[in-house]
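Notes for the one structure printed next.
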Amino acid sequence: MTDNEKKQIESYRKNGYGYKQISNLTNLSVNTIKSYCKRNKLMSADLQSNDNHTLYCEQCGKPVEQNEHRKRKRFCSDACRNKWWNNHLDSVKRKAIYELTCHYCRKTFTVYGNAKRKFCSHSCYVKYRYGGKQNG
């Protein structure tokens, strides 16, 4: 762990960030952050209590303003939300993955999000639609 990372962890802990938030921001494991905080007396009991329950953006770490009686916001902006999701594709639980059979070549293919798709590729669509002959 570099000195810069140590300073970041101390700063984040003093601002009320949790271990997971710091882990996401610094790309260090949660256990590494916990042990560093224990050794350097950066545990929640040692720090000022954060009673206002401010939540921070999971991408950039800025405070996120919450609206009462609404769903909890995780990101400060659409740009941060998109950047976080694009960087964490492995964390996304994609439920709309379908395995279909091509109407032309009869091969099975997987598709995300569109259960009504009929062809595995544009060329199969063209061959099916125009009988194997392409316009030209």
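Along the sequence shown, the residues carry numbers beginning at 1. What you are looking at is a predicted structure, and each value in this text was computed from that prediction instead of being measured.
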Identify the two heavy atoms, one from Cys76 and one from Val64, that lie closest to each other, and give their separation to 0.1 Å.
-> N-CG2, 3.8 Å
Main-chain N/O of Thr108 paired with Thr101 side-chain donor or acceptor, under 3.5 Å = no
Where Leu55 and Lys73 come nearest, the two heavy atoms and their spacing = CD1-O, 4.3 Å
d(Arg13 CZ, Ile33 CD1) to nearest 0.5 Å is 9.5 Å
State plainly whether one hydrophobic cluster holds both Tyr104 and Tyr98, where clusters connect Ile, Leu, Val, Met, Phe, Trp and Tyr through side-chain heavy atoms under 4.5 angstrom apart.
-> no
Is Ser35 reaching over with its side chain to a backbone N or O of Asn31, donor-acceptor style, under 3.5 angstrom?
-> yes
CZ of Arg74 to SG of Cys80: how many Å apart, nearest 0.5 Å?
-> 12.5 Å
Ile9 vs Asn40 side-chain heavy atoms within contact, under 4.5 Å = no
Taking only residues two or more places apart in sequence, or in another chain, which ones meet Ser77 in a side-chain hydrogen bond (donor to acceptor under 3.5 Å, both in side chains)?
-> none
How far does OH of Tyr19 sit from CG of Asn24, to the nearest 0.5 angstrom?
-> 15.0 Å
Residue list, side chain to side chain contact (heavy atoms under 4.5 Å, CB included) with Arg117, at least two apart or on another chain | Leu100, Phe109, Val111, Asn114
Rounded to the nearest 0.5 Å, the OG1 atom of Thr26 sits from the OH atom of Tyr36 at a distance of 11.5 Å
Pick out which of Cys124, Ser121, Ser123 makes a side-chain contact (heavy atoms from CB on, under 4.5 Å) with Cys105.
-> Cys124
Give the ring-plane orientation class for Tyr128 versus Phe119, where under 30° counts as parallel, over 60° as perpendicular and anything between as tilted.
-> tilted
Would you mind reporting whether Tyr12 and Gln21 have side-chain heavy atoms less than 4.5 Å apart?
-> no
Does Glu58 use its side chain to pair, donor to acceptor, with the backbone of Phe75 at less than 3.5 Å?
-> no
Closest heavy-atom pair and its distance - Gln59, Leu25 = O-CD2, 3.5 Å
Out of curiosity, Tyr125 OH to Lys118 NZ, how far, rounded to the nearest 0.5 Å?
-> 10.0 Å
Taken to the nearest 0.5 Å, the spacing of Leu28 CG from Met1 CE works out to 5.5 Å
